[in-house]
Structure formats: C-alpha cells, structure tokens
Peer 1: 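Below is a structure I'd like to ask you about.
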Amino acid sequence: MIYQNTQAYAAQLDEKDELRKFRQQFLIPRHHGADAVYLCGNSLGLQPRAAKQYIQTQLNAWEDNAVEGWFMGNDPWLSYHKQLIPTLAGILGANAAEVTVMNSLTVNLHLLLVSFYKPTTKRYKILMEAGAFPSDQYAIESQVKFHGFKQEDAVIEVAPREGELTLRTEDILKQIEANADELALVMFSGINYYTGQFFDVDAITKAAHQAGAYAGFDLAHAAGNVPLQLHQWGADFASWCSYKYMNSGPGGISGAFVHEKHHTDATLNRFAGWWGYRLDKRFLMAPGFQPEVGAEGWNVSTAPILLLALHKASLDIFEQAGGLQMLRAKSEALTGYLEFLIHDINQRVGYEAYRIITPKNKNERGCQLSVVCTSHAKATFNYLADNGVIGDWREPDVIRLSPVPLYNTFTDVHLAAERLFEALTAIK
Ligand SMILES: *Cc1c(COP(=O)(O)O)cnc(C)c1O
C-alpha cells in the first residue's frame, strides 16, 4: 500500500472503509468537546453503545423472574453462555466444545496449569518468553514453587539476541529442542504485551509436542486482534481476557480453550466445582465429580450473568462484522499507516525521533506498535494525552499505540502522528 501523509488522504481511506459504520456502535471518550483519539484498545477496549441495554435486559429478567431466571425467560441464564461460544470459537479458531467463558485470566492460567503442568523429577521445566506480562511470571513462579521446585532452576526464559528487542522463532524452537528432556510445558503469550510481537503459535506448539511437552498460550493481546487457529495448531490450552480487544468491560470475564484431544482424559488433574459438572445431572447434587465433556468441564463457579451480558454486547458486534477476516485486513492497513507516518516524521526531522520496536512483518504483529521515544519520552506521552491522544505508557521510554479496526479511523491515526510530530518542537 502506498500511503500519503495528509489529512485528506486519511479521510479518503475512511470514506472507502467498509467497516467504518461500526465506530458508531462504540462510546468514544471526549477531549475538549471532540472525540479523543483512542489508541489504547490493547489495554481497555471501548464500551459498546449497546452494553447498557444488554445489562438492563438481565436486570429486568432478575426483576421479573428472580431465581426462575436460571430456567425461564427469553434467554435462561443456565445456557446464556452458550450464545457467546460460536463467535468466540470463530475468533480463536476453535471448535465450540473447546471454548468456555469463566473467571478472570490469571485465575484461569492457574486452573489450566493444574491440569497441564504435571512436573516429574525429570521433566519439570517451563519454557517461556523473557519479559512476559508480570501476572504470567508470578503465576508461573508460584506454580513451580507450589510443586517444590526453584524458579531459577525450573523456569527457562527465552530472550532476544544481543542488540535485538524481539525474539526470533528459530531461537525459540532451538531452546525448546535443547531442553527437550526436561520440559514439562512451553507457555507463551500469543502477542507480547510490551513489544507487540505476535509469536508463531503453530511452530511453538509443534516444537513443544516434539519435545514431549504441553503447549499453552496466554492470548490476552491476541484474542480479537489477530486470527488464530488454536484447534488446527494443536495448542493444548489457552486463556485470554475479554476487556482488551474484545471490549467487554474492565475486569470483564475471561475464557479458556482446552483442545478436544484432552476432553476425555481422566488422568488430567483439575480443581473442580459444580459449574463444571455435567449439565444433565448437575442439579441432582450427587457426590462424585463428573465433568461436562469439553472446556466447560473446567468451569468452577456459577456463571456471572452481568459480565457475560457485557461480553455478548461486544461479541455480537464482531459477529455483525463477519468475524476477524475483514477486521484483520483493516487492522493491517491502519497499523501500516501509523508505521508509515512515524517513519515519515523521522525522515522530516532527519533523525530517529521515534523507534518502532514491534516487528515490521505484519504477520508478526497485530494492532499495536510499541514506539520508543528517543528523547523526552514521558513528556511526549503527556503531550499526547494533553492533546487528546490516548495511548499507554510503559517504562522506561515506550508508548504503545494500538489502532483498533472496530472503532478507530485512518483520521485518528493521522491525528496521532501529527501530535507526535508537534511534540518534537513543543517539548523543550
Ligand atoms: C492483560 C494481561 C493479563 C491480565 O490478567 P488479569 O488476570 O485479567 O488481571 C495477564 N496476562 C497478560 C499477558 C496480559 O496481557
């Protein structure tokens, strides 16, 4: 795509954008009476305009039916979650039975590790990316300790090469192979939160299996952002959150994927609760846990209907947009435009004012670009915020900017780049 750095050109791209009508379905934050430029969907997706209605409908059902709401009304709560599964399964590239909605992300990682981290004295190590999201690091650290191992010994972190900021797939695969005898699990994010690098989930999964280890993924920054094929790739398990690219509200409900091949494996441990009990017999309240077959069998507690309603409000928009295929094409164009404009700024000023650390290859990234400000980083971030551009800040010098295809425009991207350019002369 040959881009131009003019507002008119950006407006023209917006005009041609077949997905532009979806922006109206979201509440865009305001800045001095105008729409802010919100490029922070990687951290908290925007509120669907219909979210209040979805919540109100369930409040009404509670009002009208009280406890009977579990079994009666237009969408009885007992099966409410089922309405979300087809869209979610599409987003993840999974079969319906492989996907469930429950809890929050870090909680789900722990529950899944109960099943898929089964260390033995010989095979007990977990291989992960260096610089994983802190919650994932803490989860892994506490899990290996729980099993009586030392973190320094049991956790292998794959780091970028000297002078590089992102990982090479070949290096990840080599490390998996080199540790094959001792690996119990390979646990990676789909997209690294800091660099925006989209890992080769397929290749990592195959290498883990080759080594005799399970492969699990934290898809917090990948779900709803990039196309995934979890079933086909053979990933053993995954979890994600719904409040980033899936716009389902702060602390919104998470979900989990468990590959079909494990659904009837009775040797897997799990921490059980009644909501994972087979539905046809759940209310017999009998002793002896019998799981529902499929990912649902990993559920523990009563479904939080209000959180599910928020999740559905957003998933219904994904459904209207036809899933991720067109969204991904627009996403590549939006992020490509931001990349072009940042390079253009550097060219105009004659030095590298902004350095993009996210991979150039569009197959190795999603919406997000992580931008190092080579001087006055924090002041630059504040300048953006003061001028209506909402990104997010990561120590020591990185601004993450994520144009999201459901609600961002090419004009948003152009405005953000204008502010980045101005910041270079405005900040002394
Ligand atoms: C956002 C994010 C989390 C957050 O986990 P919660 O349990 O929802 O607080 C965890 N891991 C990764 C990789 C994330 O990006």
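Counting starts at 1 for both ligands and their atoms, following the listed order. Predicted, not measured: the structure shown is a model, and the values here were computed from it.
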Peer 1: What atoms in ligand 1 come closer than 4.0 Å to a heavy atom of T106?
Peer 2: 5 (O), 6 (P), 7 (O)

Peer 1: Could you find the nearest protein heavy atom to atom 11 (N) of ligand 1 and give me its residue, atom name and distance?
Peer 2: D136 OD1, 2.6 Å

Peer 1: Indicate the atoms forming the closest heavy-atom contact of H221 with Y245, along with that distance.
Peer 2: O-CE1, 3.5 Å

Peer 1: Would you mind running through ligand 1 and noting each atom that sits below 4.0 Å from a heavy atom of A220?
Peer 2: 2 (C), 12 (C), 13 (C), 14 (C), 15 (O)

Peer 1: Once you measure the plane-to-plane angle for F410 and Y337, does it fall in the parallel (<30°), tilted (30-60°) or perpendicular (>60°) bin?
Peer 2: tilted

Peer 1: List ligand 1 atoms under 4.0 Å from K244, heavy atoms only on the residue side.
Peer 2: 1 (C), 2 (C), 3 (C), 14 (C), 15 (O)

Peer 1: For residues H147 and Y124, establish whether the separation of their ring centroids is below 6.0 Å.
Peer 2: no

Peer 1: With a 6.0 Å cut-off on ring centres, are W275 and W77 close enough?
Peer 2: no

Peer 1: Evaluate the ring planes of F116 and H262, with Trp represented by its six-membered ring, and classify them as parallel (under 30°), tilted (30 to 60°) or perpendicular (over 60°).
Peer 2: perpendicular

Peer 1: Please write down residue, atom name and distance for the protein heavy atom closest to atom 9 (O) of ligand 1.
Peer 2: Y243 OH, 3.6 Å

Peer 1: What do we get for D218 next to ligand 1 when only non-hydrogen atoms under 4.0 Å count, side chain, backbone, both or neither?
Peer 2: side chain

Peer 1: Do K362 and E339 sit within salt-bridge range, that is, some charged N less than 4.0 Å from a carboxylate O?
Peer 2: no

Peer 1: Number the atoms of ligand 1 from 1 as they appear, then name those within less than 4.0 Å of a heavy atom of H221, with their elements.
Peer 2: 15 (O)

